[in-house]
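Beneath this line is the structure, given in structure tokens, with notes to follow.
Chain naming here is simple, since letters A, B, ... match the order of the sequence lines and numbering starts at 1 in each.
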Amino acid sequence: MPELPEVETIKSQLNRRLKGGKIKKIEIFLPKIIRLEAKFFINKTVGAKIKKVWRRAKMIIIDLDNGYSLLIHLKLTGRLILCHRLREDYQKHTHLVFHFFDKSVLIFQDIRQFGYFDLYRTENLKGFFQEKKLGPEPLKKSFTLKKFTELLSKKPDKKIKPLLMEQNFIAGIGNIYAQEICWSAKISPLRLAKTLNKKEIQEIYRHLLMILKKAVKQGGTTAADEGYIDARGNKGKYGSQLKVYQREGEKCFRCKGIIERIVLTGRGTAYCPRCQK
DNA sequence: AGGGGTACCTGCGGGC
DNA sequence: TGCCCGCAGGTACCCC
């Protein structure tokens, strides 16, 4: 599901509610979502206290007080849901449940089972992220227009929309927001990076920040046919602001042209050929 | 180097 | 009603 704004929303909720909490018990219903031996995983997590929850790219990291960190990726349909107390019927697709000593419960559900849990030494995480060559966090102050321009100049032959989605170009943007950013900046998703002039780069940069910030503020996006919910079970309110995502065949809100759908690097891409140049 | 295909899964809507 | 197809928020891997 989740791109940066959705993961950021979940992370904040988890941090608020779980910080200081001590893990009492873990139930594992689908072992394959844990990327290491279940025994070891349980051994290193049960009894540990949660220091803080943070985010890098689309990953949620839970630092424990024993030198280990949980790394969680929700992929397309993963959900982390907080409950005040144990519920007997976990519903379908519940693969993992954390129980805390204060009786609160954290449930992991995932329809498509692509999401995963991993465990790292906290001190090794930085190195791990460096190895992955993750791009910058777009909402950090250090992600300047100058930096964005430099990054673009290193990928001259890439199409802008798929490029925005590359986690080692910029971290956190996925298929919804990449389309929305292109529409807002009036840039065709097909444009090669090297063809963008200064003004156009500035527009992409500006809208990229605006859209991500606004989406974070609104708790992310739940589009019409999606199942995204945050850790409190709420839908994201940015869904109502979407301009092109899944609007194929409908009229462009800006120029009344017809929104088209193409496929770029295997991903559906909606855009307005009339006003996105 | 960029991009296509495939794989990992389940569920939903549309067409017949 | 039921079946088949394409599609879905992500990413890793192989191949040309």
Side-chain angles (χ1 to χ4, degrees), chain A residues 1-11 29-35 55-60 71-80 91-96 108-118 128-129 131-135 151-182 189-195 211-212 215-216 218-231 234-239 241-242 244-249 260-270:
Chain A
M1 25 166 110
E3 304 181 32
L4 186 154
E6 293 76 34
V7 180
E8 179 68 19
T9 301
I10 293 168
K11 173 223 76 176
F29 301 110
L30 188 65
K32 73 162 184 182
I33 61 146
I34 305 170
R35 293 208 163 167
R55 178 188 64 76
R56 176 73 171 105
K58 297 171 191 167
M59 290 168 280
I60 291 172
L71 186 150
I72 306 163
H73 202 305
L74 302 173
K75 290 286 182 86
L76 287 152
T77 52
R79 290 174 170 177
L80 286 168
Q91 307 175 9
K92 239 179 157 181
H93 308 302
T94 294
H95 307 316
L96 198 95
F108 173 71
Q109 301 175 339
D110 190 357
I111 292 176
R112 291 173 74 177
Q113 306 177 10
F114 294 163
Y116 62 84
F117 281 66
D118 210 337
F128 169 70
F129 291 140
E131 262 173 55
K132 288 193 76 155
K133 298 192 162 66
L134 285 176
L151 286 172
L152 279 172
S153 71
K154 288 183 201 157
K155 304 279 182 184
D157 296 319
K158 290 246 187 189
K159 295 185 181 77
I160 186 63
K161 186 259 181 177
L163 184 55
L164 289 173
M165 291 173 66
E166 272 182 38
Q167 299 306 293
N168 46 29
F169 179 66
I170 300 172
I173 299 172
N175 202 29
I176 293 182
Y177 295 106
Q179 295 172 56
E180 294 299 311
I181 291 163
C182 289
L190 294 156
R191 286 282 294 279
L192 298 185
K194 66 184 174 195
T195 70
I211 288 173
L212 291 181
V216 169
Q218 307 215 22
T221 295
T222 302
D225 70 336
E226 284 173 14
Y228 166 72
I229 51 170
D230 65 24
N234 297 318
K235 291 182 174 183
K237 296 195 200 75
Y238 194 79
Q241 326 257 349
L242 296 175
V244 271
Y245 178 71
Q246 285 185 340
R247 294 200 64 244
E248 179 193 3
E260 273 184 26
R261 181 184 181 276
I262 56 173
V263 175
L264 292 180
T265 43
R267 310 303 303 278
T269 304

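Of the candidates C:dC7, B:dC9, B:dG11, B:dC9 carries the atom nearest the A:Lys32 side chain, counting heavy atoms from C-beta on. Among the nucleotides B:dT10, C:dT11, C:dG9, the one closest to the side chain of A:Gln167 is C:dT11. With C:dG9, C:dG10, B:dG11 as the candidates, the nucleotide lying closest to the side chain of A:His73 is C:dG10. When each of C:dC7, C:dG9, C:dT11 is scored by its nearest atom to the side-chain atoms of A:Glu226, the top-ranked nucleotide is C:dG9. Considering only the side chain of A:Lys92, B:dG11 comes nearest among C:dG9, B:dT10, B:dG11. When the nucleotides C:dG10, B:dT10, B:dG2 are ranked by their closest atom to the side chain of A:Lys155, B:dG2 comes out on top. Of the candidates C:dG10, C:dA8, B:dC9, C:dG10 carries the atom nearest the A:Asn175 side chain, counting heavy atoms from C-beta on.
Taking the six-membered ring where the residue is Trp, the centroids of A:His73 and A:Tyr116 are separated by under 6.0 Å.
The separation between A:Leu264 atom CG and C:dC7 atom P is 14 Å, rounded to whole Å. The separation between A:Phe29 atom CZ and B:dC9 atom P is 20 Å, rounded to whole Å. The interatomic distance linking A:Asp110 (CG) with C:dA8 (P) rounds to 18 Å, in whole Å. Atom-to-atom, NZ of A:Lys132 to C1' of C:dG10 comes out at 10 Å; the value is rounded to the nearest Å. As a whole-Å value, the separation of A:Glu166 CD from C:dA12 P is 11 Å. Rounded to an integer number of Å, the gap from CZ of A:Phe114 to P of B:dC9 is 7 Å. Residue A:Arg112 contributes atom CZ, which lies 14 Å from atom P of B:dA7 at whole-angstrom precision. In this structure, A:Tyr116 places its OH atom 13 Å from C1' of B:dC8, rounding to the nearest Å.
Side-chain atoms of A:Glu226 and A:Tyr245 form a donor-acceptor pair, as typed in the model, at a separation below 3.5 Å. In this structure, a donor-acceptor pair under 3.5 Å is present between the side chains of A:Glu6 and A:Tyr177. Side-chain atoms of A:Thr9 and A:Asp230 form no donor-acceptor pair, as typed in the model, at a separation below 3.5 Å.
Between A:Ile181 and A:Ile173, the shortest heavy-atom contact is CD1-CD1, 4.0 Å.
The closest side-chain heavy-atom distance from A:Ile60 to A:Val7 is below 4.5 Å. Contact check for A:Phe169 versus A:Lys155: side-chain heavy atoms found under the 4.5 Å cut-off.
By the 4.0 Å N-to-carboxylate-O rule, A:Lys75 lies too far from A:Asp110 to be salt-bridged with it.
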(message) For Watson-Crick and G-U wobble pairs within 3.5 Å on both distances, what is DNA chain B written in dot-bracket notation, | included for inter-strand pairing?
(response) .|||||||.|||||||
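As rounded to the nearest Å, B:dG5 and C:dG6 have P atoms that lie 13 Å from one another. Comparing the same atom, C1', in C:dG2 and in B:dC9 gives a spacing of 22 Å after rounding to whole Å. Atom name P, nucleotides C:dT11 and B:dG11: the rounded distance is 22 Å, in whole Å. Using atom P as the reference point in both C:dC7 and B:dG4, the two lie 15 Å apart (nearest Å).
In this structure, A:Tyr245 reaches the C:dG9 phosphate: one of its side-chain N or O atoms is under 4.0 Å from OP1 or OP2. Distances shorter than 4.0 Å separate none of the side-chain N or O atoms of A:Arg267 from OP1 or OP2 on C:dA8. An OP1 or OP2 oxygen of B:dG11 is reached within less than 4.0 angstrom by a side-chain nitrogen or oxygen of A:His93. Here A:Lys75 does not reach the OP1 or OP2 of C:dT11: none of its side-chain N or O atoms lies under 4.0 Å away.
Contacts of A:Gly115 with the nucleic acid, taken as non-hydrogen atoms under 4.0 Å apart, are absent.
A:Arg56 places no side-chain N or O within donor-acceptor distance of the main-chain N or O of A:Lys58, the cut-off being under 3.5 Å.
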